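Since the structure comes first, as structure tokens, the remarks are kept for the end.
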Number of protein chains: 2
Amino acid sequence: MDGRPDLRNDTARKILDAADELLAEVGLDGVSARSVATRAGVNNALVFYHFKSMRGLVERVLERYYEGQLAALEAATGAADEPLRARLHRVVDAYLDFMEAHRRFPRLVQGLTAMGPELHDLLRGHLAPLLRWAERALADVAPPEGPLAARHLFITFSGVITTWFTQGPLLAPLWGDDPEGPAALAERRAHVRWVVDALLAGLAREEPAGT
Amino acid sequence: MDGRPDLRNDTARKILDAADELLAEVGLDGVSARSVATRAGVNNALVFYHFKSMRGLVERVLERYYEGQLAALEAATGAADEPLRARLHRVVDAYLDFMEAHRRFPRLVQGLTAMGPELHDLLRGHLAPLLRWAERALADVAPPEGPLAARHLFITFSGVITTWFTQGPLLAPLWGDDPEGPAALAERRAHVRWVVDALLAGLAREEPAGT
DNA sequence: GTCTATAGGCGGATAGAC
DNA sequence: GTCTATCCGCCTATAGAC
């Protein structure tokens, strides 16, 4: 009972899913134990029985997403014999696919990040493996240090991708498109691929002959 | 008394500044009228006297930032005789300068965005002029529609820039640099400029001869 | 404009019966 | 594991004296 309940338990799952939904709908502090329990159709006290505290509950929701994201990205990294450009496109596609399938995730992370330093360690713990993955994946494209280092490219790409999902609902109505619709996403995907290509070309120019 | 107090009033200013600080420190729901009043050194009830409600207070804080940002970007757009690349560098520098000078701002926006749809209209109202500005500023670089349109470039650049400020404090300790320090910012600035150049080269390739 | 006092609601969390 | 009942604290907001 450390906030990691047995998820084969049906009630625990229902609570977790309800919390997940509500976090995206009303934000962290909009969510109360009562609202979660009601949405899940279970008793108020069970939230604390299964997850110890509200914080524990949120941590579990977050955990599920980050594990999925890392797995998705690692699965897309495979085949080292593949041409670089195609490989990066696949990775970026996997990133977009995951966000599309879990639209609540970027919003949730965004909310938690902005919420004061108590949560920073938690988030950092999940971010660290992602950063290491990026540095591995970009090892032979980006220099190890300086403005073109993998870490900068990682921040840049997560910015380019997640910002669309977080700001999209705000901006898209301004140009009269449904931001959640497949057409808008397809266009964004094309944009991101184009950014990949442009940055790749830029990197190639930096290092005209292989070192 | 519509939540727009006379800011020549000293107490109103103190409350506004205190709210600004606290919003960044503890997030929107971490801020209470009491905490604001205490930080400002004034009485609890004065918050409501001057700002009508907590929501009104937050709106005023937000307003101040967005107005400043738009002004900064517009000021940097001037001189149309300047070469395109230099002009864009200046704009991007102005964007980064503003964020550097107001580090709380991106974090605040991030938090509010993630906080449910009640605030979306408010944010949209501030975002709309920025989007219009971007479309004007990029009018003769980007096509009016499709994946390379100004609106995509706008989301991309605001993502690249703001993500550094929001995620930086999380990530930078992982590579042992002070994210708030001038060295880290200078490196990021170099990165963003490089991204501008790479995307500009990409756009030039799309349209080999001017239409 | 500024203060005190307080109403009234909702929050997390626990005790203890079943 | 699940339920009822409850404690206690903090919140926004207002009334009314000064």
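Hydrogens, waters and symmetry mates play no part in the numbers below; they use all other heavy atoms, side chains included. So that the names make sense, note that chain A is the first sequence line, chain B the second, and so on, each numbered from 1. Note that the structure is predicted; figures quoted are calculated from it, not measured.
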Euclidean distance, atom [atom1] of residue [X] to atom [atom2] of [N] [Å, nearest integer]:
{"X": "B:Leu46", "N": "D:dA15", "atom1": "CG", "atom2": "P", "result": "16 Å"}
{"X": "A:Phe51", "N": "C:dT14", "atom1": "CZ", "atom2": "P", "result": "16 Å"}
{"X": "A:Asp10", "N": "D:dG1", "atom1": "CG", "atom2": "P", "result": "11 Å"}
{"X": "A:Phe48", "N": "D:dC3", "atom1": "CZ", "atom2": "C1'", "result": "15 Å"}
{"X": "A:Asn43", "N": "D:dT4", "atom1": "CG", "atom2": "P", "result": "6 Å"}
{"X": "A:Lys52", "N": "C:dG12", "atom1": "NZ", "atom2": "P", "result": "16 Å"}

One pair to check against salt bridge (charged side-chain N to carboxylate O under 4.0 Å, His left out): B:Glu135 and B:Arg132. What are the steps and the verdict? CA-CA 5 Å; B:Glu135 284 178 333; B:Arg132 283 198 298 271; over 6 Å; no

Among C:dT2, D:dA13, D:dT2, the one nearest B:Tyr49 by side-chain distance: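 Of all the options, the side chain of B:Tyr49 is nearest to C:dT2.
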
Qualifying residue for side-chain contact (heavy atoms from CB on, under 4.5 Å) with A:Leu28, from A:Leu119, A:Leu22, A:Leu108: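 Only match with A:Leu28 under side-chain contact (heavy atoms from CB on, under 4.5 Å): A:Leu119.
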
Check whether any side-chain heavy atom of B:Phe157 lies under 4.5 Å from a side-chain heavy atom of B:Val91, and answer yes or no.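 No, too far: nothing below the 4.5 Å cut-off.
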
If the cut-off is 4.0 Å, is [X] near the phosphate of [N], judged by side-chain N/O to OP1 or OP2?
{"X": "A:Thr11", "N": "D:dT2", "value": "yes"}
{"X": "B:Asn44", "N": "C:dC3", "value": "no"}
{"X": "B:Asn9", "N": "C:dG1", "value": "yes"}

Decide whether A:Thr156 and B:His191 meet the rule of one side-chain donor and one side-chain acceptor closer than 3.5 Å.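 Distance-only check passes for A:Thr156 and B:His191.
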
Non-hydrogen atoms of B:Ser53 and B:Phe48 that approach each other most closely: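 For B:Ser53 and B:Phe48, the tightest heavy-atom pair comes out as CA-CD2, 4.1 Å.
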
Using a cut-off of strictly less than 4.0 Å between a heavy atom of the residue and any atom of DNA chain C, enumerate the qualifying residues of residues 14-34 of chain A by number.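 Of all residues in residues 14-34 of chain A, the ones placing a heavy atom under 4.0 Å from DNA chain C are A:Val31, A:Ser32, A:Ala33, A:Arg34.
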
side-chain contact (heavy atoms from CB on, under 4.5 Å) between B:Val109 and B:Leu112, intermediate numbers included: CA-CA 5 Å; B:Val109 171; B:Leu112 297 182; 5.9 Å; no

